[in-house]
A.B. asks: 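I am attaching a structure below and will ask some questions about it afterwards.
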Number of protein chains: 2
Amino acid sequence: MSAARRPDRDPTRPVYVISVAATLVSAHPRTLRIYEDEGLVSPARTPTNIRLYSEEDIRRILWIRHLTRDRGVNLAGVRILFELEERLGQRILEALYDEGTRGRGDEPPEAGASGSGDGRPSPGR
Amino acid sequence: MSAARRPDRDPTRPVYVISVAATLVSAHPRTLRIYEDEGLVSPARTPTNIRLYSEEDIRRILWIRHLTRDRGVNLAGVRILFELEERLGQRILEALYDEGTRGRGDEPPEAGASGSGDGRPSPGR
DNA sequence: GAACCATGACAATGACATTGTCAAGATAAA
DNA sequence: TTTATCTTGACAATGTCATTGTCATGGTTC
């Protein structure tokens with residue numbers, strides 16, 4: 001039964017319903033809806049309007065969590081950082097992460113499920 | 001040579017005492033001390049320990065004011081943006097400013113030496 | 001039909017930004 | 001000297017924000 005099927009690793013593919021996504025990022029579903037209202041994440045929707053988060057969405061949310069919880073940035077700050085990321089290329093957050101976790105033992109935000117090797121956040125959107 | 005009053009326009013030169021600086025940026029002196037405690041500004045000191053803000057300091061504070069008041073960013077976010085600015089060159093805040101004041105004709109506060117002298121850049125307000 | 005999702009409202013909690021004041025002492029300028 | 005301003009440190013009021021949580025009403029999925 002262990003089929004050799006492996007093709008669906010597309011981190012863009014919407015798969016997680018909100019309750020699952022919330023669990024993955026250790027947040028309340030309410031919080032994820034707020035992130036969306038604030039324009040920080042844009043999960044796909046099923047034809048019947050149900051949110052589906054992709055792996056990229058999860059990573060993006062993990063960045064938000066890192067910035068807000070570990071660095072104390074508020075959502076307005078996160079928005080600006082994402083804006084910058086889109087405007088100036090993409091390496092911004094990485095540089096940030098180095099700065100923030102110097103010798104702290106933290107690990108970069110990573111999508112819990114499916115440990116896709118690189119673990120680098122990407123500006124999906 | 002008429003010694004025509006060549007006031008050192010060196011934007012680095014510490015000149016403003018805290019009450020003046022506070023007036024220039026429309027903030028309470030208390031607030032400026034907080035900015036300093038947070039490591040966001042580092043005004044020079046006289047030999048007798050009195051703060052003296054330079055033109056650059058003022059511009060930097062105006063950036064903080066712009067980011068916090070107009071963009072809603074908190075001090076942690078400002079700190080990160082300044083960190084990034086130091087790490088990735090200096091175009092960051094400019095790009096940001098464009099985003100914030102689309103088509104307004106204002107000039108962004110600049111930390112560069114080539115400040116147009118008098119120009120106290122009031123970011124939007 | 002039970003469990004989950006959607007939106008919208010409302011609220012409690014804790015943290016933060018800003019302003020403001022008071023105190024006790026040093027400095028500057030008249 | 002006198003007066004105004006500066007220093008640090010403490011305390012507090014105000015308003016805002018982030019996050020979590022609940023409730024209600026209704027649609028969706030299994």
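By convention in this document, chain letters (A, B, ...) are assigned in the order of the sequence lines, proteins followed by strands, and residues within each chain are numbered from 1. The structure displayed is predicted, hence computed values, not measured ones.
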A.B. asks: If the threshold is 4.0 Å, N to carboxylate O, is there a salt bridge linking B:Glu55 and B:Arg13?
C.D. replies: no
A.B. asks: Would B:Arg45 and B:Glu36 pass as an ion pair if we require N to O under 4.0 Å?
C.D. replies: yes
A.B. asks: Nearest heavy atom decides the nucleotide; on that basis, is B:Gly72 or B:Val17 closer to the 5' end of DNA chain D?
C.D. replies: B:Val17
A.B. asks: Could you tell me how far apart A:Leu32 (CG) and C:dC5 (P) are, to the nearest whole angstrom?
C.D. replies: 11 Å
A.B. asks: With rounding to the nearest 0.5 Å, note down the distance linking CG in A:Leu81 to CG in B:Leu81.
C.D. replies: 5.5 Å
A.B. asks: Testing A:Leu67, A:Asp37, A:Thr68 for side-chain contact (heavy atoms from CB on, under 4.5 Å) with A:Leu75, which one passes?
C.D. replies: A:Thr68
A.B. asks: Assess whether a salt bridge exists between A:Glu38 and A:Arg33, defined as any Lys/Arg side-chain N lying under 4.0 Å from an Asp/Glu carboxylate O.
C.D. replies: no
A.B. asks: Tabulate protein N/O versus nucleotide N/O from nucleotides 27-30 of chain D, keeping only pairs under 3.5 Å, one per line.
C.D. replies:
unit_1: D:dT28; atom_1: O3'; unit_2: A:Thr48; atom_2: OG1; d: 3.2
unit_1: D:dT29; atom_1: OP1; unit_2: A:Thr48; atom_2: OG1; d: 2.9

A.B. asks: Nearest whole Å is fine: how far is C:dA17 P from B:Asp37 CG?
C.D. replies: 12 Å
A.B. asks: Give the rounded distance in Å between these two atoms: OH of B:Tyr53 and C1' of D:dT7.
C.D. replies: 12 Å
A.B. asks: Can you measure B:Arg45 atom CZ to D:dT7 atom P for me and round it to whole angstrom units?
C.D. replies: 6 Å
A.B. asks: What string of B, S and - do you get for nucleotides 18-23 of chain D 5' to 3' if you count protein non-hydrogen atoms under 4.0 Å?
C.D. replies: SBBBB-
A.B. asks: In whole angstrom, what separates B:Ile61's CD1 from C:dT18's P?
C.D. replies: 12 Å
A.B. asks: Assess the residue pair B:His66 and B:Val78 against the criterion (side chain to side chain contact (heavy atoms under 4.5 Å, CB included)); give the C-alpha distance rounded to whole Å, side-chain angles, the decisive distance to 0.1 Å, and a yes or no.
C.D. replies: CA-CA 10 Å; B:His66 169 61; B:Val78 173; over 6 Å; no
A.B. asks: Regarding A:Arg79 and A:Glu85, does a basic nitrogen lie under 4.0 Å from an acidic carboxylate oxygen?
C.D. replies: no
A.B. asks: Please list every donor-acceptor pair under 3.5 Å in which a side-chain atom of residues 22-30 of chain B meets a protein atom from a residue at least two apart or in another chain.
C.D. replies:
unit_1: B:Thr23; atom_1: OG1; unit_2: B:Ser19; atom_2: O; d: 3.0
unit_1: B:His28; atom_1: ND1; unit_2: B:Arg30; atom_2: N; d: 3.0

A.B. asks: C:dG25 C1' sits how many Å from B:Asn49 CG, rounded?
C.D. replies: 13 Å
A.B. asks: Kindly indicate whether a cation-pi arrangement holds for B:Arg87 with B:Phe82, taking the cut-offs as under 6.0 Å to the six-membered ring centre and within 45° of the axis.
C.D. replies: no
A.B. asks: Take the protein atom CZ of B:Arg33 and the nucleotide atom C1' of D:dC6, then report the distance between them rounded to whole Å.
C.D. replies: 7 Å
